[in-house]
Amino acid sequence: MKPVIDILDERIGAAMAKAAGGVRGAAMVRPATDPKFGDYQVNGVMPLAKKVQTDPRTVAELIIRTLKINDICEKPEIAGPGFINLRLKANFVADRLLEINADSQKRLGVEKTTQPKTIVVDFSGPNIAKQMHVGHLRSTIIGDCICRLLEFQGHDVKRQNHIGDWGTQFGMLCALFDKILLEAPRGEAINRDETLADIEEFYRQAQSLYKNNEEFARTAHVAVVGLHTGDGPWVTYWKGIVKTTTKHFREVYDRLCVTLKDEHIRGESFYKDMLSDIVAELKKKKLAEESDGAVCVFPEGFKNKEGQPLPFIIQKSDGAYLYATTDLAALRYRVQELKADRIIYVTDARQSLHFQMLFKVAALAGWAKPDMLIHIAFGSVLGENGKPLRTREGENVKLKDLLTEAVERAKAVVEEKNPDLPPERKDEIARAVGIGAVKYADFSNNRTSDYVFSFNKMLAMDGNTAPYMQYAYARIKSIERKGKDRGIDVEEEQSKVEKANLTEPAELDLAKHLVRYVEAIGAAAVDYRPNYLTAYLYELAQKFSAFYTNCPVLDAGADKRPTRLLLCDLTAKTIKHGLSELLGIEVVEQM
RNA sequence: GCGCCCGUAGCUCAGUAGGAUAGAGCGUCGGUUUCCUAAACCGAAGGUCGCAGGUUCGAAUCCUGCCGGGCGUACCA
């Protein structure tokens, strides 16, 4: 099914070309800014009129005269300085509704792209030996949403979880493992089931020992070398740490309904053997040079505080490599081995300079074209005090704790609102609502802005929140249940609709919005902005609520009820699809 | 200093290649329940879109300057 807006754009575009005698101009069909202007408005007449030096309203008249559109719209109206307003015919909307309902692929009438691309999405990227914290939330869920959107559009998405699993800090940690082993009583092997909390404690111990104990520091250095060369027990310790931590990642991802799996993990260590080659190649290409002992690329257009060229450092003066080096290696790998047409990096906005430089250097080296590299930046999660969210002790808020609190708070609301539900159902609702609220609040904010994290707001029943959306869905499901209780065969009845009967304003309004799901997905995907999707869904839920209060479903007459059941069903399917397929938020049948 | 982002209702925020009278939610005020979940719905009040110029048929949106805030800016990631 071709999106309505695209059909309109084509038809208007053709009529415009005729009217302007070959002078080209975009139709610029947009959703109407106000319902009283209809459903869509044509913004392209005025620029075109300017080109042909004619009064815009006269041009609009000419366009309308040749325009063949009465199969879709009511008579177009010219308004204001030269807008053409378009209002969809109820008949057309009714037909569309049935097409969406008949969509055998269950895609709600949304076509796949005709130009599928291979798109690498780099997101989440937590660190080994540490718990995931609130700083990983946005990258993880926004990245996941982008993957889901692109995949639904038909692209080949390659998720890459670029975890921090390499670096000198692991030398310390491995050295501590070794120490514990040596000091353990004979026969008592190191506990292989150590938890992440243990590892975090080890981490603290190791840091302190490293500072205060020379022998330990030496062992740590040996361990770093050992990790590189693969000698000694070091790699075994490291693998154990990785295993324990990734298990924790998995738990968090599952809880968040994020589609990241173990096979998407390709951490920094994966690229360790490519780093020297990256430096060598950049040197060979005369892009990298030595400066103050470090190997640097000085891409044009970047300046430091003193106005000197700003370096992109790829090798430290002590010979060690940096994340710049790893990122270059990863980038090259993704283009050359994963055959990426596009690479999307989902990280916080503070890293934008790094990515600007990375992309520039990659382009200079000929590893990628600039327009295939995209940094999707996002703002910070702030506490009520307007500063980055932290615990009272000033520590990072652990994601696990944050989600647990969200679920607990949701549980309290369920207990209050619906105390008679069975306990396991309450838990299910609390989980969906609590986790959903955290995710939805993040998605519904503008990606690029910081936002203030507030359990109270995200769990509110009013407004653009997960519970509101989930409630709308649950109410529809309740209608279906009630219908069945009354002996109405809901599926049968709506499947027999041959012509949707959209006479009530609330019905037509809801139906029109359902037809436009594809537009919301397109808008969200093209700018990588989940909030366009949440805005659409919220509007859908609002329109459903209006319909719900104005149009009885089960008590409607035989001429009305089938269409209303159909509207309910398609609304439920759209909400469910948007929430659970595209945003990764669970819906519940009952709240 | 330079660079990036931001400044929209009392509060939190939307505003989809510049479009018509700038929208929600919270809060405030008023109304709706013998009726499919009131975790809902309807209505009202509330704005010099930081300030000043500019570009043009038209600017919250683009350009310039200023004010205010956040972040970044050579060997952390």
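Each chain gets a letter, A, B and so on, in the order its sequence line appears, and its residues count up from 1.
- In this entry the distance linking OH of A/Tyr321 with C1' of B/A77 reads 18 Å, nearest Å.
- As judged by a 4.0 angstrom heavy-atom cut-off over every strand, A/Cys296 is placed among the base-contacting residues.
- Using a 4.0 Å heavy-atom criterion, one finds that A/Ser545 contacts the sugar-phosphate atoms exclusively.
- Side-chain contact annotation: A/Arg266 with A/Asn161, donor-acceptor N/O pair under 3.5 Å absent.
- Using a 4.0 Å heavy-atom distance criterion, A/Ala79 is classed as a base contact.
- In RNA chain B, stems built from 3 or more consecutive Watson-Crick or G-U wobble pairs, each with both distances under 3.5 Å, span B:1-7 with B:67-73, B:10-13 with B:23-26, B:28-32 with B:40-44, B:50-54 with B:62-66.
- For A/Tyr323 against B/A77, a side-chain N or O and a base N or O form a donor-acceptor pair under 3.5 Å.
- Candidate nucleotides B/G19, B/C35, B/G1 were compared by shortest atom distance to the side chain of A/Pro47, and B/G19 ranks first.
- A donor atom on one side chain and an acceptor atom on the other are not found under 3.5 Å apart for A/Arg564 and A/Asn501.
- Between B/G19 and B/G10, the distance separating the two C1' atoms is 30 Å to the nearest Å.
- Among the atoms of the strands shown, base atoms are found under 4.0 Å from some heavy atom of A/Leu554.
- Taking the side chain of A/Leu322 as heavy atoms from C-beta on, and the options B/C4, B/C75, B/U37, the nearest nucleotide is B/C75.
- Outside the 6.0 Å centre-distance limit, the rings of A/Phe37 and A/Phe83 are not counted as a close aromatic pair.
- Using cut-offs of 30° and 60° for the angle between ring planes, the A/Phe453 and A/Phe455 rings count as perpendicular.
- For the pair A/Arg516 and A/Tyr40, the cation-pi criterion (under 6.0 Å, within 45° of the ring axis) is fulfilled.
- With ring centers used as reference points, A/Phe443 lies 6.0 Å or more from A/Tyr440.
- Which of B/G72, B/A40, B/G1 sits closest to the side chain of A/Leu353 comes down to B/G72.
- Using modelled atom types, no side-chain atom of A/His513 and backbone atom of A/Leu510 make a donor-acceptor pair closer than 3.5 Å.
- Within residues 476-489 of chain A, the residues that place at least one heavy atom under 4.0 Å from RNA chain B are, in residue-number order, A/Ser478, A/Ile479, A/Lys482.
- In the model, A/His375 has a side-chain atom that pairs as donor or acceptor with a side-chain atom of A/Thr347 under 3.5 Å.
- Centre separation under 5.5 Å together with a plane angle under 30° holds for the ring of A/Phe83 and the six-membered base ring of B/A20, marking them as stacked.
- In this structure, the side chain of A/Asp34 engages the main chain of A/Lys36 through a donor-acceptor pair within 3.5 Å.
- Among the atoms of the strands shown, none is found under 4.0 Å from any heavy atom of A/Ala535.
- Nucleic acid contact class of A/Asn456 (heavy atoms, under 4.0 Å, all strands): none.
- A/Thr549 comes within contact range of the sugar-phosphate backbone alone, with a heavy-atom separation under 4.0 Å but no base atom that close.
- Comparing B/A40 with B/U56, their C1' atoms sit 47 Å apart, to the nearest whole Å.
- Residues A/Asn456 and A/Ser454 have side chains that never bring a donor and an acceptor to within less than 3.5 angstrom of each other.
- Between A/Tyr468 and B/A39, no base-stacking contact is recorded for ring centres under 5.5 Å apart and planes less than 30° from parallel.
- With respect to A/Tyr345, the ring pair (Phe, Tyr, Trp, His ring centres under 6.0 Å) criterion is satisfied by exactly one of A/Phe378, A/Phe355, A/Tyr528: A/Phe355.
- Across all strands shown, A/Pro126 has no heavy atoms under 4.0 Å from either base or sugar-phosphate atoms.
- Of the two residues near RNA chain B, A/Ala349 and A/Asn43, the one whose nearest nucleotide lies more 5' is A/Asn43.
- Residue A/Asn464 is classed as having no contact, given no heavy-atom separation below 4.0 Å to the nucleic acid.
- Residue contacts for A/Asn550: at a heavy-atom cut-off of 4.0 Å it reaches no nucleic acid atom on any strand shown.
- Within the nucleic acid shown, A/Phe312 has no heavy atom closer than 4.0 Å to any nucleic acid atom.
- At B/G15, one or more side-chain N or O atoms of A/Asn446 fall inside 4.0 Å of OP1 or OP2 (strictly under the cut-off).
- Residues A/His162 and A/Phe270 keep their aromatic ring centres 6.0 Å or farther apart.
- Base contact: A/Ala474 has a heavy atom under 4.0 Å from a base atom.
- Relative to the side chain of A/Val452, the nucleotides B/A74, B/C13, B/G25 differ in distance, and B/C13 lies closest.
- Looking at heavy-atom distances under 4.0 Å, A/Ser291 makes contact with a base.
- Remark: A/Ser449 is not in phosphate contact with B/C6, judged by side-chain N or O atoms under 4.0 Å from OP1 or OP2.
- Proximity of A/Arg475 to the phosphate of B/A38: a side-chain N or O atom is located under 4.0 Å from OP1 or OP2.
- When heavy atoms are screened at a 4.0 angstrom cut-off, A/Pro467 is found touching no nucleic acid atom at all.
- Between the side chain of A/Asp462 and the base of B/A24 there is no donor-acceptor pair of N/O atoms closer than 3.5 Å.
- Remark: A/Asn531 is in phosphate contact with B/G15, judged by side-chain N or O atoms under 4.0 Å from OP1 or OP2.
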